[in-house]
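Lettering follows sequence order; numbering is per chain, from 1.
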Amino acid sequence: MSDSSDDLPLSRLNHQTVVRNRAEGVVQISDKGKGTRKKMRRASCHDSGSDGEISAMKRKKMKSAGNLRSGHNESAGNKKVIKPKELMRVQRVEQGIAAFEWWNSPDPPEGKAWQTLEHCGMTFEPQYKPHGVAVLYDGVPISLTPYQEELATFYAAMPEDGPQLNVSGGQREIFQRNFWDDWHKVLGKSHAIKSFDKCDFSDISKHLDRLKFVKRAASDAEKVVARELRDDCQLRSGYAILDDHLEKVGNFRMEPPSLFRGRGKHPKTGVVKLRVEPDQVSINCGASRPPPICLELGRSWGEIKHDDTVTWLSTWHENVMQSNKYVMLAANSSLKGKSDFKKFQKAMQLKGCIERVRHDYHKNLKSKDRHLKQQATTMWLIDTLALRVGGEKSEEEADTVGCCSLRVEHFTFHKTGKDVDLEFLGKDSILFKQSIDFAGFDEHGQQAYDNIREMCRSKKKNEQVFELIEPTSLNAHLSSIMPGLTAKVFRTYNASETLQNQLPDAEHVIEMRSIGDKLIAYNEANRIVAILCNHQRTVSAAAATGLEAQAEKLEQTQEQKIAATAAYEAATIKKREANKSKQAEAHRFSKLPDEKDVSRRIDIWTEKIKKLEIDLRNKEENKEVSLGTSKANYLDPRISVAWCKRCDVPIEKLFSRP
DNA sequence: AAGGGCGACTCAGAAAATTAGTG
DNA sequence: TCACTAATTTTCTGAGTCGCCCT
């Protein structure tokens with residue numbers, strides 16, 4: 001922290017505070033950053049929900065920005081100076097934003113989301129510029145109008161080995177048919193191109209690959225320019241002023257036109273998602289503030305509204321799913337932070353009455369009333385397996401299910417034993433596949449099993465198991481037990497509760513030597529939660545080969561250790577021999593491999609191997625599990641922060657950035 | 001007056017971008 | 001130290017949930 005910049009008082013203040021906190025490992029306050037920040041220190045071992053702990057929950061996100069870089073400033077090479085300065089602009093603003101303590105600021109009046117709101121609307125991509133590369137039809141190049149070419153280019157950009165085209169099960173055909181339907185309309189009836197099968201887009205694909213290559217090969221100077229342009233855009237349009245403080249906007253760039261990439265077997269995948277113009281966008285801003293200026297030359301916004309009961313800044317209608325899309329504040333904004341906090345408060349409230357809730361559905365598992373019995377059984381599944389509630393879906397969407405929409409075909413009962421296979425596609429068409437030992441969960445599992453078995457009997461494969469239960473009625477019932485309780489709260493509650501239970505005790509963790517070992521312990525708990533929530537990721541080809549490479553490296557290291565061990569033995573022998581003749585010719589053996597040296601090297605190998613083994617095991621276990629989702633959405637940060645404090649782990653090791 | 005539909009919000013994994021690690 | 005790669009973080013936008021309004 002030796003640089004002495006004098007032009008940025010705000011960013012410097014934060015910078016120092018943050019760096020200092022890092023250095024001390026514990027949250028401490030530097031004299032300069034004082035003010036009300038002291039509350040942050042209070043977040044502590046018990047999990048009560050005081051304001052001080054929200055601050056901790058927020059603070060974990062204030063990682064040291066602007067690390068490094070200061071060194072460059074001192075050497076006076078003119079090009080080198082510009083880069084760090086320019087890069088800092090966005091960071092400077094965001095540190096300023098981070099200094100705002102939203103957890104100490106008053107809430108807006110009941111029913112209102114804000115009192116004043118001012119922002120810059122959205123930004124738009126430039127209109128399509130034709131490249132002139134032809135599509136081959138039956139081997140013959142066909143010239144296209146710019147719009148026809150634009151659509152062809154969308155298709156050419158779809159990777160052959162990507163999830164849209166390289167999937168068995170008919171997705172590829174749906175994608176191509178939907179694209180062709182739309183493209184064909186644009187080409188017109190009398191167009192030379194009459195069938196999709198004879199089209200060859202590969203010249204355009206190659207052209208796109210070339211562009212990508214050029215982009216990747218850009219010089220440092222070119223990259224700096226690109227970065228500056230992006231920063232300019234971010235600074236011009238990426239922030240809003242909500243109730244008189246600055247907030248980061250999440251997605252202020254209009255989605256570019258493309259082909260709809262529905263997940264799984266989506267009936268609309270491949271449909272053209274149209275370009276959206278400024279006049280199709282509605283703006284929501286405070287009436288007392290100037291509305292945003294549309295920066296597109298000669299264009300204007302479709303509508304300007306002043307609705308202070310909602311949080312969106314801009315909205316537009318999307319043509320493929322006929323849904324509304326919104327521009328909202330970023331995930332780390334005060335608005336989202338407060339809402340996140342409420343979510344975890346609700347989960348903690350559920351913790352307080354979970355006995356009562358469980359007793360309610362346990363009792364009803366045996367009810368004579370069919371509706372009550374089904375309701376209780378769905379509740380058992382939601383609470384035990386962390387299933388989503390599963391609302392009804394239209395024909396225009398992929399066929400995925402949740403608890404209420406489970407069908408007979410998703411269960412497989414075996415003649416022997418109590419295990420049941422449950423297999424279905426859930427949200428995002430992610431496979432849920434588990435063999436479930438109902439009785440193994442709790443004393444009511446057996447009853448749940450009997451119920452499901454009975455509810456499946458005399459039904460067709462494609463019929464719903466819980467045909468009487470709908471999310472609305474289930475939620476209404478839950479709300480009658482605890483105000484505001486809905487099915488999704490159980491996922492939050494069970495995830496956070498699981499984390500709490502899985503995190504090893506502080507006494508145990510504190511003995512671990514390295515932070516790395518402690519982090520592994522945390523990730524272990526995180527993984528169990530991710531598995532509970534069925535958060536998956538597909539193993540990319542690159543990840544798979546990376547894993548192989550690492551296994552190989554481990555093997556190599558082991559061999560090296562063996563070699564080192566041999567050398568050690570050799571050295572010992574030599575030394576012994578040397579000692580014998582030492583008196584006579586001591587000086588000649590001065591360069592003999594030192595026994596201690598070799599022994600130290602063996603220790604290093606051993607360490608290395610141990611680290612590699614842990615690394616590899618960790619990666620192998622994590623390759624199909626996505627830890628990020630649960631960490632970002634389900635784990636109460638107060639639990640993580642408290643654990644970090646008890647175990648002497650710096651919180652920024654767990655949470656990144658702003 | 002209830003239930004269906006839709007508006008608004010959270011949650012989700014893939015892909016792109018950035019940063020860290022390594023030889 | 002530099003260039004390449006691997007790991008991590010951010011961005012992107014599709015897919016859910018849920019409350020409320022309207023018929």
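- Nearer the 5' end of DNA chain B, as judged by each residue's closest nucleotide, is the contact made by Arg491(A), out of Arg491(A) and Gly162(A).
- Among the nucleotides dA7(C), dA8(B), dA12(B), the one closest to the side chain of His535(A) is dA12(B).
- With axes fitted over five pairs at each extremity, the angle between the ends of the helix from dA2(B)-dT23(C) to dG23(B)-dC2(C) is 10° (10° resolution).
- Within 4.0 Å (heavy atoms only), Lys342(A) reaches no atom of the nucleic acid at all.
- Note on Gln536(A): only backbone sugar-phosphate atoms sit closer than 4.0 angstrom, heavy atoms only; bases stay farther off.
- Residues passing the ring-ring contact (aromatic ring centres under 6.0 Å, His included) test with Phe252(A), sequence neighbours excluded: none.
- Within the 4.0 angstrom heavy-atom criterion, no nucleotide atom of any strand lies near Ser323(A).
- For the pair Lys631(A) and Phe655(A), the distance from NZ or CZ to the six-membered ring centre is under 6.0 Å and the angle to the ring normal is within 45 degrees.
- Remark: Lys343(A) pairs with Asp340(A) by the salt bridge (Lys or Arg N to Asp or Glu O under 4.0 Å) rule, at least two apart or across chains.
- For Tyr155(A), the ring-ring contact (aromatic ring centres under 6.0 Å, His included) partners are Phe179(A), Phe196(A), Phe201(A), not counting sequence neighbours.
- Across all strands shown, Thr315(A) has no heavy atoms under 4.0 Å from either base or sugar-phosphate atoms.
- Ion pairing of Lys338(A) with Asp107(A) is present here, as a side-chain N (NZ or NE/NH1/NH2) and a carboxylate O approach within less than 4.0 Å.
- Across all strands, Lys223(A) comes closer than 4.0 Å to no nucleic acid atom at all (heavy-atom distances).
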Tyr326(A) and Val310(A): CA distance, side-chain angles, deciding distance, side chain to side chain contact (heavy atoms under 4.5 Å, CB included) verdict: CA-CA 11 Å; Tyr326(A) 303 89; Val310(A) 294; over 6 Å; no

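- Contact annotation for Arg216(A): no contact, since no heavy-atom pair falls under 4.0 Å across all strands.
- Across all strands, Pro256(A) comes closer than 4.0 Å only to sugar-phosphate atoms, never to a base (heavy-atom distances).
- In summary, of the residues considered (Glu624(A), Glu620(A), Glu621(A)), a salt bridge (Lys or Arg N to Asp or Glu O under 4.0 Å) with Arg527(A) occurs for Glu621(A) alone.
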Contact state string [nucleotides 17-23 of chain C, B base, S sugar-phosphate only, - no protein heavy atom under 4.0 Å]: SSS----

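- No contact: Gly628(A) has no heavy atom under 4.0 Å from any strand.
- Applying the salt bridge (Lys or Arg N to Asp or Glu O under 4.0 Å) rule to Asp243(A) yields no partners; only residues at least two apart in sequence or on another chain are considered.
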